[in-house]
Amino acid sequence: MAAFTCTSYPPISIRSEMRIASSTIVSLSTRQMFSVGGGLRTGVSLSSSVSKNSRVPRLRRRGGIIICEAQETTTGIPMVNDTTWESLVLKADEPVVVDFWAPWCGPCKMIDPIVNELAQQYTGKIKFFKLNTDESPATPGKYGVRSIPTIMIFVKGEKKDTIIGAVPKTTLATNIDKFLQ
């Protein structure tokens, strides 16, 4: 899942954006999506004129453009879902840390860089996975996940520890270290 960040050049006021979005004459539509680094970029058109001279589709609106970029909410940590849960988490040979998250969750976004750092720090010792609770609701329900972010640690298919909420890196590292052999 990706979150979109849109920027207009020149900047337009919120009042203008609301007027544009509610207008029956003008509709927002994406013209083209293409890969940029770790995400996607698209131009959003408020009219039908598209500049074809640029790598980035620039869509004109009264001399301005709006560029939207999709930013991946997870970086570097593989995703697990209801279908792959058993093979990737329960049958893993080494301990597994699973981050239960959702793209709309503010605390999940706060803890994401910490989880990514720990995944790099523990490479080869512990496997890390992320599970989007919106896309895979069965697994969080099975394990009683009622709040996100929730971090669970599994050893040989058995849940050993649960950390709920956006906690400091030291708290996560201390809990993970308990399961290193």
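In this chain, residues are counted from 1 in sequence order. Note that the coordinates shown come from a computational prediction; the quantities given were computed from them, not determined experimentally.
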- With the 4.5 Å side-chain cut-off for hydrophobic clustering, are V97 and I164 part of the same group?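 No, no single cluster joins them.
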
- Query: Nearest heavy-atom pair of A102 and N132: which atoms, and what distance?
  - Reply: CA-OD1, 4.2 Å

- When every non-hydrogen atom of K125 is compared with those of P95, the smallest separation belongs to O-CD, 3.8 Å

Treating [X] as the side-chain partner and [Y] as the backbone partner, does any N or O pair qualify as donor plus acceptor under 3.5 Å?
{"X": "T171", "Y": "V167", "value": "no"}
{"X": "T150", "Y": "R146", "value": "no"}
{"X": "D99", "Y": "K130", "value": "no"}
{"X": "D112", "Y": "C108", "value": "no"}

- Members sharing F129's hydrophobic cluster (side chains within less than 4.5 Å):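 Under the 4.5 Å side-chain rule, F129 groups with V80, W85, L88, V89, L90, V96, V98, F100, W104, L131, Y143, V145, I148, M152, F154.
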
Side chain proximity check, [X] to [Y], heavy atoms < 4.5 angstrom:
{"X": "L118", "Y": "F128", "answer": "yes"}
{"X": "I114", "Y": "P168", "answer": "no"}
{"X": "I151", "Y": "I176", "answer": "no"}

Under the rule for side chain to side chain donor-acceptor pair (under 3.5 Å), what residues qualify as partners of [X], not counting sequence neighbours?
{"X": "K178", "value": "D161"}
{"X": "S136", "value": "none"}
{"X": "T84", "value": "N81"}
{"X": "E117", "value": "K169"}

- Contacts of type side-chain contact (heavy atoms from CB on, under 4.5 Å), residue P107, not counting sequence neighbours: C105, P149, A166

- Task: Using salt bridge (Lys or Arg N to Asp or Glu O under 4.0 Å) as the criterion, list what pairs up with K159, not counting sequence neighbours.
- Result: none

- Task: Can you measure from CD1 (I153) to CD1 (I163) and round to the nearest 0.5 angstrom?
- Result: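 Atom-to-atom, I153:CD1 and I163:CD1 are 4.0 Å apart.
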
- Applied to residues 107-127, the ring-ring contact (aromatic ring centres under 6.0 Å, His included) test, sequence neighbours excluded, yields none

